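Everything below concerns the one structure shown next.
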Number of protein chains: 2
Amino acid sequence: MAKSMIVKKHEHDAGEVEFIHAEKAESVRSMMRSDDQFFRFAEKIKTLGDPTRLKILFALSQAELCVCDIANLLCVSNSLISHHLRLLKTMRLVRYRREGKMAFYVLDDEHIRNIFTEGFNHIEE
Amino acid sequence: MAKSMIVKKHEHDAGEVEFIHAEKAESVRSMMRSDDQFFRFAEKIKTLGDPTRLKILFALSQAELCVCDIANLLCVSNSLISHHLRLLKTMRLVRYRREGKMAFYVLDDEHIRNIFTEGFNHIEE
DNA sequence: TATACGATTGAATATATGTTCAACTGTTTA
DNA sequence: TAAACAGTTGAACATATATTCAATCGTATA
C-alpha cells in the first residue's frame with residue numbers, strides 16, 4: 001500500500017555481520033572454500049556451458065577432426081570453430097596436431113568423454 | 001604479403017556440403033544429437049557456471065538456510081541472492097519452505113551434492 | 001495500526017560472451 | 001610464382017547475463 005515512509009533502522013551495535021541462525025550459518029561458513037576456488041571452478045564450468053562448444057567436444061569425442069570438417073559438420077563458419085577451439089585448447093580440453101595446412105583436433109579430457117559416452121541426457125550434469 | 005587479389009573459387013558441383021575426410025566426418029555426423037539436446041544441456045550447465053550460484057549451492061549443500069543468512073555468508077545483497085535462487089528454483093536445483101516471513105532453502109539435487117562432497121577441486125567438472 | 005523486517009520483483013546498468021566479417025599466415029599445387 | 005586453401009586473428013557487433021537500486025509484498029511486532 002503506502003511507500004517510502006520514514007524509516008528508522010534498528011540500530012545494531014557495531015558493523016558486525018549478524019546471522020539470524022548464527023550456529024548453522026557459522027558452521028557453514030567454516031566449510032566455505034575461497035572466492036578464488038569458486039571463481040576458477042565456475043570458469044571451467046562456463047567453458048562447457050555453450051551449445052556450440054558442446055557440439056565440438058562431442059564431435060571430437062568421436063573422432064579426430066580438422067577444423068574444416070568440424071565447421072561443415074556443425075554448419076557454422078571456420079572462424080567460429082577456430083575461436084572456440086582456441087578457448088578449449090586454453091582450458092586443456094582439446095589437443096591438436098598440425099599436418100601440412102590442416103590442424104587435427106581431439107578431445108583431451110577423459111571426464112568429458114565420460115559425460116558423453118555415459119548417456120548424455122542421462123547424467124546431465 | 002599481397003592481399004585482396006582476384007579470387008576465383010574452385011567451382012564445386014552443387015551446394016552440397018563437402019567433407020575433407022568424408023568417412024570419418026559422416027560417421028561422426030551419424031552419432032550427433034539434436035541441436036535442441038545440446039542447447040538444453042548447455043542451459044543446465046550454464047546455471048552452474050557462476051561463482052555466486054556455486055557458493056549458494058555449496059552453502060545449501062551444508063545446511064538449510066534463509067535468504068538473509070546466505071546473503072550475509074556471501075557478503076552480498078539480499079536481492080542478488082533472491083534473483084539467483086529464483087533461477088536455481090526454476091532449474092529445480094533447490095527447494096524452499098516458508099516459515100513466517102522467512103524462506104528456507106535447501107539443495108535439491110543429489111548429483112550436485114556429490115560434486116561438492118567428493119572433493120570440489122578433485123573432480124572439477 | 002504503524003513500523004520493522006525478510007523476501008521478491010522489475011527496471012536500469014554495466015560487463016561478458018558468442019558470432020560475424022575481413023584481413024592475414026603458412027602451406028600446397030597448378 | 002601466383003592462386004587456392006586451411007586455419008588463425010582482431011575488431012565490431014549484438015545479445016546475454018550478473019549486479020544494483022528502488023519499490024513492493026506479506027508477516028510479525030511494538
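Just so it is clear: chains get the letters A, B, ... in the order the sequence lines come, proteins before strands, and each one is counted from 1. All values below were derived from every heavy atom in this structure, side-chain atoms included, with hydrogens, water molecules and symmetry-related copies excluded. This is a predicted model, so every value here is computed, not measured.
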Spacing between A/Phe39 atom CZ and C/dA16 atom P, to the nearest angstrom: 9 Å
Assign each of A/Glu43 and B/Phe104 the nucleotide of DNA chain C bearing its closest heavy atom; nearer the 5' end lies the nucleotide of B/Phe104
Using whole Å, report how far CG of B/Leu80 lies from P of C/dG6. 17 Å
A/His84 side-chain N/O to C/dT17 phosphate OP1/OP2 under 4.0 Å: no
Counting only side-chain nitrogens and oxygens, does B/Tyr105 get under 4.0 Å of the OP1 or OP2 atom of C/dT8? yes
Report yes if a donor N or O on one partner sits less than 3.5 Å from an acceptor N or O on the other, where the partners are the side chain of A/Ser79 and the base of C/dC21; otherwise report no. yes
Find the distance A/Asn78:CG to C/dA23:P and express it as a whole number of Å. 17 Å
Could you tell me how far apart A/Arg86 (CZ) and D/dG10 (C1') are, to the nearest whole angstrom? 8 Å
Expressed in angstrom and rounded to an integer, what is the separation of A/Asp50 atom CG from C/dT17 atom P? 11 Å
Result for side-chain contact (heavy atoms from CB on, under 4.5 Å) between B/Leu93 and one of B/Ile56, B/Leu87, B/Ile112, B/Asp108 points to B/Ile112
5' priority, DNA chain C, between B/Ala103 and A/Glu99 [closest heavy atom]: B/Ala103
Are the ring centres of A/Phe104 and B/His21 closer than 6.0 Å? yes
Interatomic distance, A/Asp69 CG vs D/dG7 C1' [rounded to whole Å]: 13 Å
Hits for salt bridge (charged side-chain N to carboxylate O under 4.0 Å, His left out) against A/Arg86, two or more places apart or cross-chain, chain-then-number order -> none
Which of these nucleotides, D/dT27, D/dG7, D/dT9, is closest to any side-chain atom of A/Val67? D/dG7
Between B/Tyr96 and B/Tyr105, what is the ring plane arrangement, given parallel below 30°, perpendicular above 60°, and tilted in between? parallel
What does A/Thr52 touch in the nucleic acid at a heavy-atom separation under 4.0 angstrom: a base, only the sugar-phosphate, or nothing? sugar-phosphate
For the pair made of CZ in B/Arg98 and C1' in C/dG6, what is the distance, rounded to whole Å? 8 Å
Exactly one candidate in B/Val94, B/Asp109, B/Leu48 meets side-chain contact (heavy atoms from CB on, under 4.5 Å) with B/Leu88; the answer is B/Val94
Of the candidate nucleotides C/dG6, C/dC21, D/dG7, which contains the atom at the shortest distance from the side chain of B/Cys68? C/dG6
Any B/Arg53 side-chain nitrogen or oxygen under 4.0 Å from OP1 or OP2 of D/dA18: yes
Would you say whether A/His83 stacks on C/dT19? The test is a distance between ring centres of less than 5.5 Å and an angle between planes of less than 30°. no
With a 4.0 Å cut-off on heavy atoms, is B/Ile20 in touch with a base, just the backbone sugar-phosphate, or nothing at all? sugar-phosphate
Please report the distance, rounded to the nearest Å, between CG in A/Leu85 and C1' in D/dT9. 14 Å
